[in-house]
2 protein chains.
Amino acid sequence: MARKSAAPQRRTDQLSRDTIVAAAIDLLDASGEDGLTFRALSERLSTGAGAIYWHIANKNELLTAACDALIARTLTMSATAATPEDTIRALALNLFDAIDAHPWVGSALARALGQMPMVRILESLGRPIRDLGVPARDQWTTVGALLNYILGVGGRNAANGQLARTQGLDRSDFLETVSAAWSGLDPVAFPFARGLAAQVRTHDDREDFLAGIDLILRGIAAPRPRRRG
Amino acid sequence: MARKSAAPQRRTDQLSRDTIVAAAIDLLDASGEDGLTFRALSERLSTGAGAIYWHIANKNELLTAACDALIARTLTMSATAATPEDTIRALALNLFDAIDAHPWVGSALARALGQMPMVRILESLGRPIRDLGVPARDQWTTVGALLNYILGVGGRNAANGQLARTQGLDRSDFLETVSAAWSGLDPVAFPFARGLAAQVRTHDDREDFLAGIDLILRGIAAPRPRRRG
DNA sequence: ACCTGAACACCGTTCAAGT
DNA sequence: ACCTGAACACCGTTCAAGT
């Protein structure tokens with residue numbers, strides 16, 4: 001008697017939230033944000049599509065959980081350095097590298113507002129800021145500035161990764177395209193952007209990111225005006 | 001003779017890219033990112049679903065075009081102020097307000113990398129930075145820091161707007177939830193985040209955003225170390 | 001040249017039915 | 001308690017056929 005299609009192997013052990021999240025991370029790393037579907041996930045887990053919903057509420061929760069697992073891993077890696085500044089620099093770089101290696105984390109973070117991954121980052125960033133001597137009333141603004149800068153870069157990295165995947169361009173191809181487009185801009189309407197075309201081609205993302213962190217650190221160290229005293 | 005359903009009125013004038021983009025903006029404003037579908041759009045334009053593809057390549061291009069129209073509008077609004085600092089502040093605030101009023105712009109911008117909306121912002125931000133006396137070799141880093149901070153805040157705003165829409169929470173409800181969750185954090189593992197709970201409830205997004213801009217401006221003004229002389 | 005609208009190949013999510 | 005997998009209500013995009 002002929003069967004319509006090969007019966008899929010079903011797993012014998014129980015599914016768990018952690019197993020699902022781990023599989024989701026594999027899928028996201030392998031095929032990007034669009035690659036994470038409940039169908040692909042259930043196939044990889046040798047289970048039915050609906051089974052996942054017993055352990056996780058919906059796709060958004062799954063994405064946040066995957067993001068949190070990765071962020072937690074990244075942050076525990078970041079030991080305390082010699083100075084608060086160095087701690088912040090090291091932490092920021094670890095986050096940059098994590099988002100660079102897993103672009104989907106960049107956009108997942110943006111959606112995970114008051115939730116765990118954000119809280120973890122806030123906490124890790126907050127301690128060295130406190131140690132820097134930033135007064136309590138300025139801590140929220142300060143951590144916010146650093147966090148938003150980091151998330152901004154992360155979002156751009158995520159977009160880069162997504163673009164590279166869908167267009168099949170590698171990094172230097174992409175930069176070449178942007179640089180060429182910018183050199184072609186109207187010199188009257190866009191003098192500044194036009195002048196940037198050369199720098200776009202040769203810049204180092206990681207170095208620029210760190211330079212931005214240093215700029216913000218200088219801003220934190222600089223005395224606030226209108227204090228009179 | 002009974003018809004299956006009311007035959008839709010079809011438009012008599014020609015469709016154009018601008019008409020489509022304008023309708024897309026209306027739809028995005030009215031029902032958020034998820035509200036923009038080719039079916040909803042074609043209904044609003046009294047045309048067939050496939051007709052839009054004659055004028056616009058795909059959804060991504062449509063989103064970028066909508067974003068660009070709004071950004072162009074926002075930037076021409078931003079006149080030059082008394083000082084470069086004030087010009088940057090005014091520009092940043094205009095962008096903040098635009099993203100606040102149209103949250104979808106926040107996430108659309110992240111995806112519009114080397115394209116027009118980004119170039120426009122870069123250009124508007126770049127001139128006052130040049131006027132500030134930032135040397136050519138630091139201009140890319142400087143404009144990048146400001147841009148990424150602004151985009152980071154924009155991304156967060158976009159997420160806020162999306163959340164408010166889907167959960168049906170208003171701003172203060174949402175902040176209340178976050179604040180409550182943070183007060184409940186483990187005081188040993190998360191002392192800093194816990195201490196922020198109170199500030200979360202009462203803070204002013206717009207003011208904090210501007211404080212971050214000021215912090216970065218101080219960083220730009222601060223002398224760079226390791227110059228020796 | 002421009003538009004129609006059915007069709008295709010997908011989605012996330014639900015839920016009766018099974019064990 | 002946990003899982004199955006068909007079914008539902010959608011998507012973006014394509015394309016033969018019309019004008």
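First the proteins, then the strands, lettered A, B, ... as listed; each starts at 1. Heavy atoms only: backbone and side chains are in, while hydrogens, waters and symmetry mates are out.
Distances shown here put a side-chain N or O of A/R10 below 4.0 Å from the OP1 or OP2 atom of D/dT4.
Side-chain atoms of B/R11 do not come within 3.5 Å of backbone N or O of B/S46 as any donor-acceptor pair.
Separating the NE2 atom of B/H55 from the P atom of D/dT14 is a distance of 16 Å, rounded to the nearest angstrom. Remark: P of D/dG12 and CG of A/D34 are 13 Å apart, rounded to the nearest angstrom. If you measure from atom CZ of A/F38 to atom C1' of D/dT4, you get 16 Å, rounded to the nearest angstrom. Separating the NZ atom of A/K59 from the C1' atom of C/dT14 is a distance of 17 Å, rounded to the nearest angstrom. For the pair A/R11 CZ and D/dG5 P, the computed distance is 14 Å after rounding to whole Å. Between the OH atom of A/Y53 and the C1' atom of C/dT14 there is a distance of 9 Å, given to the nearest Å. Computed from coordinates, the B/N60 CG to D/dT13 C1' distance equals 14 Å when rounded to whole Å. Taking atom CD on A/E61 and atom P on C/dT13, their separation rounds to 11 Å, with Å as the unit.
Of the nucleotides present, C/dC2 is the one that pairs with D/dG18 by Watson-Crick or G-U wobble criteria, both distances under 3.5 Å. Nucleotide D/dC11 forms a pair with no other nucleotide shown, judged by Watson-Crick or G-U wobble geometry with both contacts under 3.5 Å.
Of the candidate nucleotides C/dC3, D/dC3, C/dC11, C/dC3 has the atom lying nearest to any side-chain atom of B/T47. Among the nucleotides D/dT13, C/dG12, D/dC11, the one closest to the side chain of B/T37 is D/dC11. For B/L15, taking side-chain heavy atoms from C-beta onward, the closest of the listed nucleotides D/dC3, C/dC3, C/dG12 is C/dC3. Between D/dT4, C/dT13, D/dG12, one nucleotide has an atom nearer to the side chain of A/N58 than all others, and that is C/dT13.
At the heavy-atom level, B/L41 lies nowhere under 4.0 Å from the strands shown. Contacts of A/I52 with the nucleic acid, taken as non-hydrogen atoms under 4.0 Å apart, are absent.
Using a 4.5 Å cut-off on side-chain heavy atoms (C-beta onward), B/I56 and B/R17 make contact. In this structure, A/L151 and B/L151 have side chains that are not in contact, with every pair of non-hydrogen atoms separated by 4.5 Å or more. Side-chain contact between B/I71 and B/L109 is present, with at least one heavy-atom pair separated by less than 4.5 Å.
A residue-by-residue look at A/W54 and A/R39 shows that A/W54 has its nearest nucleotide of DNA chain D further toward the 5' end.
Ring-plane geometry between B/F38 and B/Y53 is classed as parallel, the angle between the planes falling under 30 degrees on a 0 to 90 degree scale with a further cut at 60.
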